[in-house]
Amino acid sequence: MCDLNKFFIFSSALIVFYGSCWEIRLSPDPNVFSVGQRPAGTPLAIMCIITGVANGQSPGLIWTKSGNGISTTGNVEVKRLDPFTLLIRNSSLEDSGIYVCTASYNEETKTVSVDVNFFEELHFISENGDIENPKESSNFNLSCEVHLTSRNPNELITMWEKGIVALTRHSERSYMFFANNQILQINNYNSSLDDGTYQCKVFDKKTGSIIFKEIKVGNLAKKGKQQFCSNLCSTLCTKLYSKDNNGNGNGTPIISPKRLG
Ligand SMILES: *[C@@H]1O[C@H](CO)[C@@H](O)[C@H](O)[C@H]1NC(C)=O
Ligand SMILES: *[C@@H]1O[C@H](CO)[C@@H](O)[C@H](O)[C@H]1NC(C)=O
Ligand SMILES: *[C@@H]1O[C@H](CO)[C@@H](O)[C@H](O)[C@H]1NC(C)=O
């Protein structure tokens, strides 16, 4: 089209054809980059760029949001300066929607749009859930519940493993699952069968993100902590205190704690 127009550039058709030569595009280009899928809270800036207009001329530009106003939340700003930019500093789920940049030039109107979806990032309600000394034969829950303020729980899939073995309601230990699989109930606890490291993975079907957490059950949980502490202590102690060459062990630190870091 534009090449054709150049052909006419010295003809009387100049004005008419020059008009269709200009272009509007977004940067980053939503057709090339996944611009629209964003965790809520992250900032987003999209430039609306016009090319091919005559020097010194500026097209009329506006950003709109389909459905309702450009910023019902107060988070969306439009920077009128060149480049014409839509800026969302502190995004929220309500800022999701289709944003449209419209340019008018030479009595012609062109639009480009980007579909933006701010999603809630997954995180666990509690990070720790180790069960250190369950009573033999008792029932208890391991929890991998996630915060969900605005999401449909069916968009999440939760999987459990113990070591490398997947746990299902058909497993020999007859586990029970609650809260859309986010809670695993261990029944009739038997330390020799049930102690170990459990892992849950929560997969978000909508965004593809995944979070996981490990829960230790039984002696392992206790041992894990003691082991860690005693290793830490002996390393620290040997590093911090050492007898001098004359055998006068007075416990003077030979290196400053700073250097341990
Ligand atoms: C961003 O928005 C959230 C909730 O809408 C608010 O809690 C937070 O303080 C805001 N952060 C900034 C930097 O404005
Ligand atoms: C485990 O959690 C489920 C769902 O909250 C609850 O119904 C069940 O009683 C819990 N089991 C135990 C042993 O606490
Ligand atoms: C726990 O499991 C072991 C191994 O299967 C079994 O020998 C033992 O009797 C069980 N303990 C109880 C209290 O059921």
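Because the structure is predicted, anything quoted here is derived from the model rather than measured. Counting starts at 1 for both ligands and their atoms, following the listed order.
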(request) Tell me whether V78 is reachable from L61 by hopping between hydrophobic residues (I, L, V, M, F, W, Y) whose side-chain heavy atoms are closer than 4.5 Å. (result)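 Yes; V78 is reachable from L61 via cluster members.
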(request) Treating Ile, Leu, Val, Met, Phe, Trp and Tyr as nodes and any side-chain heavy-atom pair under 4.5 angstrom as an edge, say whether I49 and V112 lie in one connected cluster. (result) no
(message) Assess whether a salt bridge exists between K79 and E77, defined as any Lys/Arg side-chain N lying under 4.0 Å from an Asp/Glu carboxylate O.
(response) yes
(message) Between E23 and K110, does any side-chain N to carboxylate O distance fall below 4.0 Å?
(response)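 Looking at E23 and K110, the cut-off is not met.
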(request) Search all heavy atoms of P30 against all heavy atoms of V35 and return the closest pair with its distance. (result)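 That closest heavy-atom pairing would be CA-CG2, 3.7 Å.
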(request) Provide the number and element of each atom of ligand 2 under 4.0 Å from a heavy atom of N139. (result)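 Answer for ligand 2: 13 (C).
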(message) Ring-plane angle category for F84 and W63, please: parallel below 30°, perpendicular beyond 60°, tilted otherwise.
(response) parallel
List the closest protein heavy-atom neighbour of [atom]: residue, atom name, distance to the nearest 0.1 Å.
{"atom": "atom 5 (O) of ligand 2", "value": "I183 CD1, 3.9 Å"}
{"atom": "atom 7 (O) of ligand 2", "value": "F178 CE2, 4.1 Å"}
{"atom": "atom 10 (C) of ligand 2", "value": "N141 ND2, 2.5 Å"}
{"atom": "atom 9 (O) of ligand 2", "value": "Q185 OE1, 4.4 Å"}

(message) So for ligand 3, is N190 a polar contact partner (N or O within less than 3.5 Å, distance only)?
(response) yes
(message) Counting C-beta onward and ignoring hydrogens, is there a side-chain heavy-atom pair between V76 and L87 closer than 4.5 Å?
(response) no
(message) As a check for students: among L193, N188, D194, identify the option with a heavy atom nearest to atom 4 (C) of ligand 3.
(response) L193
(message) Looking at atom 2 (O) of ligand 3, tell me if a protein heavy atom falls under 4.0 Å from it.
(response)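 When distances to the protein are checked, atom 2 (O) of ligand 3 has a heavy atom within 4.0 Å.
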(message) Protein heavy atoms near atom 14 (O) of ligand 3, is at least one of them under 4.0 angstrom away?
(response) yes
